[in-house]
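A short worksheet on the structure shown next.
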Amino acid sequence: VDIVLGPLFSEEVAAAAGVTRGSGRPMIAFSSDSQVAGNGVYLLSFSPEQEVQRIVSFAVSRGYRRFAALLPRSAYGDRVAEAFKNATAGVEGVTNRLVYYYPDSATLDAPVRELTDQDARRQALAADIARLEQSPDSADQQRLAEPRARSLLGEVDFETLLIASSGGHLRALGPLLRRYGVDPEKVRYLGTGLWDDPATIAEASLMGGWFPASQPAVGSQLATRMQADFNVRLTPVTSLGYDAVALVATLAAGAGDPAAQFSDEALTNPAGFAGVTGIFRLRPGGLTERALAVMEIQPQGATVIDPAPASFLPPLVH
């Protein structure tokens, strides 16, 4: 054995690494837990830290400054929270608000109420209406008489909302957020790689939302072949297995003995590699850096609004 692919989960990677490191063999595993990376262990996985940095920095480039995040109280949610704080820190004029929810909760009303500061907004709305009703200014009276004015007077204090969720929780949040005063025409929804799923992309309440993903056209040919030959849909996760084998095949085709073919220097080639998940490169610390596109959910599906960089050289900056 010259190189090991797998295992999948952090506990397994940590256990297997004791063997591979002892024998001087590199391992390309699929866990997303950065704590098990390094010293000969490379994680060919999608990093929530990179995803959050990509989507937040893109939103900042589009002029957004007031950010909020609704995250699960979990190891994944904690990583997204830390990345969210780092991505918004130090950017002039940017503010953030962070609220957790418990994934096993029967209802998400309490965290959404906290996120939207519902009680304080109701009080502020009542005070605004009372002030306008007492104002002799005709402009104030006209404003009060406009349709929907009484609900628009107390809008939420954020203009983007990062939702690190998928499945049933995500589908339940759309109408719930609207009920608590989050207008999707005024607040831009942001997602992580969890959104890169057909069911999420088809969710009507998320129309106009942005999320990071691999450049879609890269794996389209393989996706067509897998569907035709095996009736299997290519997903971001299953693509990792293909890319891992393709990476090993590419390195094995080079000249030299296996020790040189699969050396740390070869694995961490700064130019990176092209895979069905887009271009990527293994970093000396064991993590994978990816070129990510920004997608927008539209009625016809997810559309690229900011393409992934085509090269890591010069160094990739988001």
Side-chain angles (χ1 to χ4, degrees), residues 1-53 72 74-83 103 164 166 192-194 196-197 213-214 219 222 226 230 232-292 312:
V1 174
D2 299 310
I3 189 169
V4 174
L5 301 186
L8 299 178
F9 303 110
S10 59
E11 296 85 354
E12 300 168 344
V13 175
V19 178
T20 58
R21 286 170 177 150
S23 62
R25 302 296 194 272
M27 173 194 292
I28 299 178
F30 303 100
S31 167
S32 61
D33 185 351
S34 59
Q35 295 186 14
V36 298
N39 192 18
V41 175
Y42 299 92
L43 302 183
L44 191 64
S45 53
F46 294 94
S47 163
E49 288 83 3
Q50 289 182 32
E51 294 171 350
V52 172
Q53 178 62 41
S74 64
Y76 175 80
D78 289 342
R79 290 181 64 184
V80 172
E82 191 65 24
S166 61
T192 64
L194 294 178
D196 193 9
D197 174 78
S214 302
L222 176 63
M226 288 189 65
F230 308 110
V232 171
R233 182 174 63 86
L234 187 68
T235 68
V237 174
T238 56
S239 299
L240 296 178
Y242 187 95
D243 279 354
V245 176
L247 168 61
V248 170
T250 298
L251 295 178
D257 59 48
Q261 290 171 331
F262 302 127
S263 66
D264 288 338
E265 183 179 3
L267 288 166
T268 59
N269 184 337
F273 306 92
V276 295
T277 53
I279 62 171
F280 65 92
R281 59 181 175 183
L282 304 179
R283 307 304 291 154
L287 301 180
T288 298
E289 181 181 358
R290 297 182 177 278
L292 298 172
F312 286 115

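Quick note: numbers below take in every heavy atom, side chains included, and nothing from hydrogens, waters or symmetry partners. Keep in mind it's a predicted model, so treat the numbers as computed, not measured.
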Student check: side-chain heavy atoms of F46 and D196 closer than 4.5 Å: no

Any donor-acceptor N or O pair under 3.5 Å, side chains R281, T268: no

Criterion side-chain contact (heavy atoms from CB on, under 4.5 Å) on R233 and M226, from CA distance to verdict: CA-CA 7 Å; R233 182 174 63 86; M226 288 189 65; over 6 Å; no

Side chain to side chain, L287 and S34, heavy atoms closer than 4.5 Å: yes

Residue pair P48 / V80: nearest heavy atoms and the distance that separates them: CB-CG2, 4.0 Å

Reported CG-to-CG distance for the pair L282 and L247, which is rounded to 0.5 angstrom: 6.0 Å

Non-hydrogen side-chain atoms of F273 and I279 separated by less than 4.5 Å: no

From CZ (R283) to OG (S47), nearest 0.5 Å: 12.5 Å

Pairwise side chain to side chain donor-acceptor pair (under 3.5 Å) hits with a residue in residues 6-17, at least two apart: none

Side-chain heavy-atom pair F9, S31 within 4.5 angstrom cut-off: no

Heavy-atom side-chain proximity of V41 to R21 below 4.5 angstrom: yes

Contact check, side chains of Y42 and M27, non-hydrogen atoms, under 4.5 Å: no

Trace of the side-chain contact (heavy atoms from CB on, under 4.5 Å) decision for L267 with I3: CA-CA 11 Å; L267 288 166; I3 189 169; 4.3 Å; yes

Euclidean distance, Y242 OH relative to L222 CG, rounded to 0.5 Å: 5.0 Å

Within-4.5 Å side-chain heavy-atom neighbours: F30 and L43: no

Where D2 and P26 come nearest, the two heavy atoms and their spacing: O-CD, 3.4 Å

Minimum-distance pair of heavy atoms, taken over all atoms of F280 and R290: CB-NH1, 3.9 Å

Polar side-chain atom of E51 near backbone of A213 as donor-acceptor pair, under 3.5 Å: no

Test item: side-chain donor near acceptor, S263 and E265, under 3.5 Å: no

Under 3.5 Å, which donor-acceptor pairs do the side chains of residues 249-258 form with other protein atoms, sequence neighbours left out?
from: T250; atom 1: OG1; to: A246; atom 2: O; distance (Å): 2.9
from: D257; atom 1: OD1; to: A259; atom 2: N; distance (Å): 3.0
from: D257; atom 1: OD1; to: A260; atom 2: N; distance (Å): 2.9

Polar side-chain atom of S214 near backbone of T277 as donor-acceptor pair, under 3.5 Å: yes

S32 side chain reached by R79 side chain, heavy atoms, under 4.5 Å: yes

Candidate list L44, V245, L240, test side chain to side chain contact (heavy atoms under 4.5 Å, CB included), partner I28, passing option: L44

